[in-house]
Structures are given as structure tokens and as C-alpha cells.
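Reading through the C-alpha cells given below for one structure.
Just so you know, these numbers use all the heavy atoms, side chains as well, and skip hydrogens, waters and symmetry mates. Starting from 1, each residue takes its place in the sequence as its number.
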Amino acid sequence: MHRTISPSSGDDESEVRADGGVVSDGPTADAPTEPDRDATARLKAALDRRFGSDFMESSIFWLPPFLLMGLFVYGAVIWNLLISLTDYQRFENAPDYSDLDFEMYTRALADSGFIDAAVNTLILLLLFTAGTLMVGLLLAILIDRGIRFENSFRTIYLLPMSLSFVVTAQFWLWIYNYNNGIANSVIGTFGLGPVSWLGNQDIVLYAIIFALMWQFSGYAMVVYLAGLRAIPREHYEAAKVDGASTLKMYWRVIIPQLKGATISAAVVLMVFGMKAFDFLYSLTGGYRPPNGADILATKMVREAYANLNWAYGAAIAIVLFGMALGVIGPYLVYEYRRDNL
């Protein structure tokens, strides 16, 4: 290419192209240097290898909701943690973040009410989850075996889950009514009762667990039914050829293949169990559930909004958050190892 040299003062010279453009040998002030371009390219390549080839290109879609979620969800969790490390009460002054300690957590461990609520929460989670899974599995097996009116039964079993906790609580208030409730009418035919289902602290928690099982057994049924329908029919036939009875076939061949469905349903049910505050609040119309039925969720709201102990309520909320992580965390690790995330 023909190039001309334009005259200039001093020793500096610049090359001029035939079309009048200037050929520069060095980087301009605005252009990135070669090391900067290499570092950017390496970073992009590393992100693409780790998260996919379209990670950076798709950031315009996932980055805004990611930032909003981080601010309003995880930012709120961090703020709640900071409040739990103060002694904030009422609305008299702003929280003092200059002197943070674990006094509220120490107070919780020394509070018999907190210990009782924590024990009740664990009992509710374990019995509610295990009982709902068993009922859901039995219903799924019955429907999978081709009973008559399958679609109608499936709709009837799943319908309670579509109801809110408020509606369910009102429904079971009528059933557990001491004077003319259905529960006491049924056991009365056997010469038993009447029983104060919600007034007896020895059985109130189990009465609430039974009501929650009724509401969510349909969900477990649908999860298990999907798992059963995914099992090849050849497995059933092979078990029958080997001479296995129906009970042994399900126990040794079919149910072990429902491990993934069991884990998924159990995690969801435990999360619902931790959110049972709505149900208990609707049973009593206040922050104080029946004696023997107080759980961490109800105690947290009562301390924060009834007693205005904001820091103590925040500490209980962090404990609940830790329990939720203890349930969801292992599940996420399990799914990650199976390459499902």
C-alpha cells in the first residue's frame, strides 16, 4: 500500500494512508491495551466454560432479576441477621449496630418457651412429612393399579391442597368442635369422647398434624403417581415372573425406584410445615396457638409483633432460616451431584 509521510514539527512523525487516515503504531488513550483485551477474553472464556457458552450474552435477561432478588431477599436476610445481633425493641429508636453480640441467641437457649416451640417444630416436621408421604404413596399405588373413577378420585384427593391455610383451619375448627363436631360424633358411635381436640395439650399437636396431612397428601400422591407411571411395565412383569407377591413386588422392586420422588416431595413438605403459622393463627385468631401447639413460626411473630421484641423475633427467624437451609441445602447438593442443576 502506498503511504506518504506528512511533515511535522520536531522528531514525531505519523504515517498517513492513501485515503487520508492516520496509521498509528501505539494504542490510543481510549482503546484497551493488549493485556486488557487478553484478560477480558480469558475471563469470558472461563465463565463460558463454567456456566455455558451463552452466559455473558444472556446476562441482560438474568442479571436484573438476580440483583433484585439479592437486594430484597438475601439483603433482607442479612439485615435481619444484623438486627438479631442488637437489642432492638419497639419503635423508640433505630437499631444500634455499633455493639453487636449474640445475646438474643443466648436468651433463646435459656427460654423454655423457645425450647418447647423448637421441639414442637421438629415433631411437626417429622410426623407431618412421614405421614403425608405414606398416605400419598398408598393413594398413588391404588390409582396406579387402575381403579374405577381414577380421574375423579385423583381430583378429590388433590383438591384440599388448592385450599388456603385459612380455609383449611376453619374447616377443621368445625370438625374438632367439642359439642357438635364431626370428629366427636364419629368416636361417639363407639362410646368414646367427647374429646377436646384443640384444648388438650397432649393431643393438640397431633390433631394439627393430622389436619395438615389431609391437606397435603394429595400433593404427595401426584408426585408418587408421576414416579410410578415413569417405571417401565417390564419391571412389574419381571417381578411377577420371579414369583414375587404384590406386596414384595412393591417393597423390593417399585418403591426403591421412587427415591427421587420421595426426596423431592419430602423437601417441599418440610418447607410447608415450617410455614404452618397461617394455619395455627387461623385456628385461634391470634398469635398464641393452643397450649402444646406453639412452634417457632408462631413464637417468632408473637415476639416481634405482640411483644415488640424485634431483636429476639429476628433471632428466632434466623434459627428458622437455618433449619430451612438444613432441609434445602442437602437436597440441592444431591441434585447437583446428579447433574440436575
Side-chain angles (χ1 to χ4, degrees), residues 113 116-140 142 152-224 265-266 268-302 305-306 320:
D116 292 340
V119 171
N120 290 339
T121 302
L122 292 176
I123 294 174
L124 186 148
L125 291 180
L126 295 176
L127 294 185
F128 161 66
T129 302
T132 304
L133 289 177
M134 287 190 292
V135 174
L137 177 60
L138 292 175
L139 294 176
L142 289 176
S152 300
F153 279 112
R154 185 163 48 190
T155 302
I156 292 172
Y157 294 144
L158 190 59
L159 181 62
M161 189 184 174
S162 64
L163 303 177
S164 68
F165 275 143
V166 177
V167 175
T168 304
Q170 188 62 50
F171 178 74
W172 283 94
L173 273 176
W174 295 335
I175 293 178
Y176 288 145
N177 186 276
Y178 182 82
N179 295 317
N180 51 16
I182 297 176
N184 280 333
S185 298
V186 171
I187 66 174
T189 59
F190 300 96
L192 303 175
V195 176
S196 179
W197 299 98
L198 300 179
N200 188 337
Q201 64 179 5
D202 294 329
I203 63 173
V204 59
L205 183 61
Y206 304 102
I208 291 172
I209 291 173
F210 184 83
L212 293 175
M213 286 172 52
W214 172 85
Q215 183 168 11
F216 289 99
S217 59
Y219 165 77
M221 176 202 69
V222 170
V223 174
Y224 277 128
V268 174
L269 290 172
M270 284 189 178
V271 172
F272 274 117
M274 292 182 189
K275 297 165 57 178
F277 165 79
D278 298 359
F279 184 81
L280 291 171
Y281 180 86
S282 301
L283 278 177
T284 59
Y287 296 136
R288 170 71 70 176
N291 291 333
D294 196 17
I295 60 176
L296 288 178
T298 55
K299 185 171 179 58
M300 172 193 69
V301 176
R302 186 169 66 253
Y305 294 98
L320 267 175

With sequence neighbours left out, write down each residue that passes side chain to side chain donor-acceptor pair (under 3.5 Å) with Y157, or none if nothing qualifies.
->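 For Y157, no residue satisfies side chain to side chain donor-acceptor pair (under 3.5 Å) once neighbours in sequence are set aside.
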Can you name the side chain to side chain donor-acceptor pair (under 3.5 Å) partners of W172, sequence neighbours left out?
-> none
Heavy atoms, side chains only, cut-off 4.5 Å: are [X] and [Y] in contact?
X: I208; Y: L283; result: yes
X: Y287; Y: T298; result: no
X: N200; Y: V195; result: no
X: L205; Y: L127; result: no

Backbone N/O of [Y] and side chain of [X]: donor-acceptor pair under 3.5 Å:
X: N184; Y: Y178; result: yes
X: T129; Y: L125; result: yes
X: N120; Y: D294; result: yes
X: Y176; Y: A207; result: yes
X: T132; Y: F216; result: no

Closest heavy-atom contact between [X] and [Y]?
X: L133; Y: A265; value: CD2-CB, 3.7 Å
X: A140; Y: M221; value: CB-O, 3.6 Å
X: G136; Y: Y224; value: C-CD1, 3.9 Å
X: T121; Y: L296; value: OG1-N, 3.0 Å
X: Q215; Y: P160; value: CG-O, 3.4 Å
X: G292; Y: V204; value: C-CG1, 3.9 Å

Straight-line distance of Q170 CD to L163 CG, nearest 0.5 Å | 12.5 Å
Pairwise distance OG(S196) to CD(Q201) - rounded to 0.5 angstrom =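 Those atoms lie 11.0 Å apart.
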Examine F171 together with W214 and report whether their ring centres are nearer than 6.0 Å.
-> yes
Without placing hydrogens or testing angles, list every side-chain donor-acceptor pair under 3.5 Å for residues 269-279, not counting sequence neighbours.
none

